[in-house]
Amino acid sequence: MGTANSSPGRSETATAAILCHGLAKFYGEVRAVDGLDLEVRYGECFGLLGPNGAGKTTTIEILEGLTAPDAGDVRVLGRRWGTHERELRGRLGISLQETRFSDKLTVFETLDLFRSLYPRGREPEQLLADLSLEEKRDARVGKLSGGQRQRLAVACALAGDPEILFLDEPTTGLDPQSRHQLWDKMESFRAAGRTVLLTTHYMEEAERLCDRVAVVDHGKIIAQGSPAELVAGLRAPHIVEFASEPALSAEDLKALPGVRDCRRRDDRWFVSVAALVDAVPALLSRLDRGGSRLLSLSTHRATLEDVFISLTGRELRDE
């Protein structure tokens, strides 16, 4: 990874690329963001994870300068919105969950338009190549698929060669190949010393790209750290997934050695355990004693998905 010093125009007084304290935004009785503190370091990819309504999009819109907070202090590249608006606009790249383009323009014309908005940046032909849009160069935007429009949105966010890239659900709707291509692009961007702040529903994406993540729920950060640190905090690095007939109860499972937690989804149990060598034989013995027939059984190492469920009681992909 490149160093933060390779990022052009970095403020000498800024201690972090993004810094906010006591951030709050209320919509009537709804506390969309409720006293949130956040620090994103130079040259890192930082992820915001959380269910719908957790406050992720409101938070990122405040940091982007698109929404004014009701309380709190926000600094981006050492600058504040309202006093350094024009300067910040030229140094940031933003890809929203849904970007509205003119359907009549071609892909090239759209990129050329966005490039003209910045004092410096990348040429449209380069952006086409970077996001694998060369074949759609002269296609009208209205004819693009959802995944192609998403790649165009990211290309537009890169048009000004930004120091910070804000990505709100950047790979939603992309096929696996396009998703991996975009991941490669984001890794190259970060390797040049730039900073990425993203929201995502894909745990694999967060685990691959993010140096650190924050889990947001009800407008507050409830956990923060590297993916490895958060998984280690579960104290149960393995998950046993099984189904049986008849099903065991939660009380049966919690009595097994090394079981830290269990949850049920449809007809399957997901059991967090400290050691497979202890838990699996004990589970099989319990099923045999109770006359239950094992229908399926698999194991995997705990992931960010398991961390998220442990913290919120919900599965992120279901939101």
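What you are looking at is a predicted structure, and each value in this text was computed from that prediction instead of being measured. The first residue of the sequence shown is numbered 1, and numbering continues consecutively from there.
Hydrophobic cluster membership differs between I94 and V141, with clusters built from Ile, Leu, Val, Met, Phe, Trp and Tyr side chains linked at under 4.5 angstrom. Under a hydrophobic clustering in which Ile, Leu, Val, Met, Phe, Trp and Tyr are joined whenever their side-chain heavy atoms come within less than 4.5 Å, directly or via other members, V216 and L63 fall into the same cluster. No path of Ile, Leu, Val, Met, Phe, Trp and Tyr side chains, each step under 4.5 Å between heavy atoms, connects V259 with V277, placing them in separate hydrophobic clusters. In the hydrophobic clustering of this structure, L198 does not group with L49; members are Ile, Leu, Val, Met, Phe, Trp, Tyr whose side-chain heavy atoms approach within less than 4.5 Å, directly or through other members. Hydrophobic clustering (side-chain heavy atoms under 4.5 Å, transitive across Ile, Leu, Val, Met, Phe, Trp, Tyr) keeps L48 apart from M186.
Residues E305 and Y202 are not in side-chain contact: their nearest non-hydrogen atoms beyond the backbone lie 4.5 Å or more apart. F108 places none of its side-chain heavy atoms less than 4.5 Å from the side chain of L127. You'll find the side chain of L36 reaches within 4.5 Å of the side chain of L38, heavy atoms only. A 4.5 Å side-chain heavy-atom check between V240 and L283 finds at least one atom pair inside the cut-off. The shortest side-chain heavy-atom distance between C20 and D37 does not fall under the 4.5 Å cut-off. Using a 4.5 Å heavy-atom threshold, the side chains of L23 and V74 count as touching. Counting heavy atoms from C-beta outward, R41 and D211 have side chains that stay 4.5 Å or more apart. T299 is not listed as a side-chain neighbour of H238, based on a closest heavy-atom distance of 4.5 Å or more.
For the atom pair CG of L167 and CG of L182, the computed distance is 7.0 Å after rounding to the nearest 0.5 Å. Atom OG of S249 is separated from atom NZ of K254 by 9.5 Å, given to the nearest 0.5 angstrom. Within the model, atoms CZ of R260 and CD1 of I239 stand 12.0 Å from one another, a figure rounded to the nearest 0.5 Å. Here the CZ-CG distance, from F46 to L209, works out to 14.0 Å after rounding to the nearest 0.5 Å. One finds the CZ atom of F114 at 7.0 Å from the OG1 atom of T99 (value rounded to the nearest 0.5 Å). Taken to the nearest 0.5 Å, the OG1 atom of T67 stands 11.0 Å off from the CD1 atom of I60.
Closest non-hydrogen pair, G291 versus P246, comes out as O-CD, 4.3 Å. The two residues D267 and A243 make their nearest non-hydrogen contact at O-CB, 3.5 Å. Scanning all heavy atoms of the two residues, the minimum distance from F101 to A153 falls at CZ-CA, 3.7 Å. The minimum heavy-atom distance between A247 and W269, with the atom names listed, is CB-NE1, 4.5 Å. The two residues F242 and L287 come nearest to each other via the heavy atoms CE1-CD2, 4.4 Å. Across every non-hydrogen atom of A16 and Y42, the tightest pair is C-CE1, 3.6 Å.
Here R263 does not pair with D261 in a salt bridge; the nearest charged N to carboxylate O distance is not below 4.0 Å. Electrostatic pairing of E87 and R79 counts as a salt bridge here, judged by a charged N lying under 4.0 Å from a carboxylate O. Under 4.0 Å is where a charged nitrogen must lie from a carboxylate oxygen, and between R80 and D73 at least one such pair does. Ion pairing between D252 and R289 fails under the 4.0 Å rule for side-chain N and carboxylate O. Ion pairing of R212 with E229 is absent here, as no side-chain N (NZ or NE/NH1/NH2) approaches a carboxylate O to less than 4.0 Å. Ion pair E241/R268 flagged as a salt bridge, since at least one NZ, NE, NH1 or NH2 atom sits closer than 4.0 Å to an Asp/Glu carboxylate oxygen.
Within the 3.5 Å criterion, the main-chain N or O of G258 finds no donor-acceptor partner in the side chain of D278. Side-chain atoms of T110 come within 3.5 Å of backbone N or O of T106 as a donor-acceptor pair. With R264 contributing its side chain and F270 its backbone, the two residues share no donor-acceptor pair below 3.5 Å. Between the side chain of K56 and the backbone N or O of G50, at least one donor-acceptor pair lies under 3.5 Å. A donor-acceptor pair is defined here as one N or O able to donate and one able to accept, closer than 3.5 Å; no such pair exists between the side chain of R140 and the backbone of L105. Within the 3.5 Å criterion, the main-chain N or O of L152 finds no donor-acceptor partner in the side chain of R149. Side-chain atoms of S116 come within 3.5 Å of backbone atoms of L113 as a donor-acceptor pair (strictly under, hydrogens ignored). Side-chain N or O atoms of T195 include one that pairs as donor or acceptor with a backbone N or O of G43 at under 3.5 Å. Judged by distance alone, with hydrogens and angles left aside, the side-chain atoms of E61 form no donor-acceptor pair with the main-chain N or O of A68 at under 3.5 Å. Side-chain N or O atoms of Q150 include one that pairs as donor or acceptor with a backbone N or O of P170 at under 3.5 Å.
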Could you go through V213 and Q224, starting from their C-alpha distance and side-chain angles, then the distance that decides it, and tell me whether this counts as side chain to side chain contact (heavy atoms under 4.5 Å, CB included)?
CA-CA 6 Å; V213 298; Q224 186 173 179; over 6 Å; no
Stepwise side chain to side chain contact (heavy atoms under 4.5 Å, CB included) test for L248 and R286:
CA-CA 9 Å; L248 296 184; R286 177 64 185 82; 4.1 Å; yes
For a salt bridge (charged side-chain N to carboxylate O under 4.0 Å, His left out) check, start with the C-alpha distance between R91 and E163, then their side-chain angles and the critical distance, and finish with the verdict.
CA-CA 6 Å; R91 300 170 67 182; E163 296 169 54; 2.7 Å; yes
Show your reasoning for whether side chain to side chain contact (heavy atoms under 4.5 Å, CB included) applies to L311 and D217.
CA-CA 9 Å; L311 291 169; D217 202 17; over 6 Å; no
For I18 and I164, what are the C-alpha separation, side-chain angles and deciding distance, and is it a side chain to side chain contact (heavy atoms under 4.5 Å, CB included)?
CA-CA 9 Å; I18 301 170; I164 300 178; 3.9 Å; yes
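T57 pairs by the side-chain hydrogen bond (donor to acceptor under 3.5 Å, both in side chains) definition with Q97, D168, not counting sequence neighbours. For D34, the side-chain hydrogen bond (donor to acceptor under 3.5 Å, both in side chains) partners two or more places apart in sequence, or in a different chain, are R31. In this structure, the side-chain hydrogen bond (donor to acceptor under 3.5 Å, both in side chains) partners of T171, at least two apart in sequence or on a different chain, are E205. For R122, the salt bridge (Lys or Arg N to Asp or Glu O under 4.0 Å) criterion is met by D130, D161, not counting sequence neighbours. When the ring-ring contact (aromatic ring centres under 6.0 Å, His included) test is applied to H21, no partner is found at least two apart in sequence or on another chain. Residues passing the side-chain hydrogen bond (donor to acceptor under 3.5 Å, both in side chains) test with D70: none are found, sequence neighbours excluded.
Remark: K185 fails to qualify as a cation-pi partner of F189 under the 6.0 Å distance and 45° angle criteria applied to the six-membered ring.
Side chains of S178 and D175: a donor on one and an acceptor on the other come within 3.5 Å.
Each of R208, R190, R179 was compared with D184 under the salt bridge (charged side-chain N to carboxylate O under 4.0 Å, His left out) criterion, and only R208 meets it.
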